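Step one of this worksheet: look at the structure below.
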Amino acid sequence: MTTIAQVTDGIYRIDVGPVKAAKTNDHLQYSLVYFIVSDGETAIVDAGPAVVSPAVLEAIRGLGYDPARLSNIILTHIHLDHAGGAGTLAQQLPKAKAIVHQRGASHIINPDKLIEGTRQAYGQKFEADYGPILPVPEKQVRAVADGDIVRLGRRELKIIYTPGHAPHHVSVYDPQSQGIFSGDSLGFLNTGNNAVIIVPGFNLDYALESIDRIAALNPKHVFAAHGTADREPGEFIQSVRNTTKDYGDIILEATKAGETEEKMAERLLKYHQERNPDDPRTTLHRFDDIIPPYVAFFKRKGVA
Ligand SMILES: [Zn+2]
């Protein structure tokens, strides 16, 4: 069931889901898709995976716009849940350009490596739940770097390079709303304390620098790719920074002491419960995916 909400003037949030997986009881995590309108021109930020492409097109039509006129598909990064559908949409919408950081561009034109990495992260049969990763035609790809502008009518959307979650991650600053489309670089926009989204390849130093770059813009809105809580942006950004850094401090100290991952998870859970006494997510398992990427980062850095 798709829900569409106007989040501020000319910006809509398209939320497809939650959707139950085909073969398991998991509920699949798709990124939110933001639809931006400016002087009759339209763009989306993130595409979701291919399985949601029909719902995204339907949502755009439902808002009274012709998807065939969509000019930009801006990808915060090329992970499956954000950009898996970029090729499917681009092939159907030949006027649309896929906007992607220069480090990700070749991988959406020829997605072989992306598909291989997706199989490692999501399993061999990811297509059953998420749909295929199709190539984006090269002439529809615009590779961008920090500071580049994506024009949409009178809106000048500014690309902010925000690595950490992924080396090709960008956020998008909209001066008109003073809002930041943060992708995964500020984690889940939920209540309570959360770190940025930690996945293999995570770089803590870059993640903290990226948070600081976003904080320096002093945004009035955070349009995160996951989560929809109504939070004061400055408080939320500082909370994400603190949690991301504190998790790192806890895991680094424990790694140096030779502790097991289970012991580290207990420490993280204690930290979390002290700050979020009402949060029902109290299992140790919620930290299973977080610890190895932190440890790998500290090992790469040579401090653990
Ligand atoms: Zn991601």
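From a predicted model like this one, the values you see are computed outputs, not experimental measurements. Note that ligands are numbered from 1 as they come in the structure, with each ligand's atoms numbered from 1 the same way.
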May I ask you to decide whether K270 forms a salt bridge with E274, counting only side-chain N to carboxylate O separations under 4.0 Å? yes
Would you say D39 has more than 12 foreign heavy atoms packed within less than 6.0 Å of its CG? yes
Looking at H79, which of its N, O or S atoms is the nearest one to the Zn ion (ligand 1)? ND1
Counting backbone and side chain alike, does D81 bring an N/O/S atom below 2.8 Å of the Zn ion (ligand 1)? no
Taking backbone and side chain together, does H169 place any N/O/S atom at a distance below 2.8 Å from the Zn ion (ligand 1)? no
R267 to Y271 six-membered ring, cation-pi geometry met (6.0 Å, 45°): no
Please report, to 10°, the angle around the Zn ion (ligand 1) from atom OD2 (D184) across to atom NE2 (H77). 90°
Whether E253 and K256 form a salt bridge (side-chain N of Lys/Arg under 4.0 Å from carboxylate O of Asp/Glu) is what I want to check. no
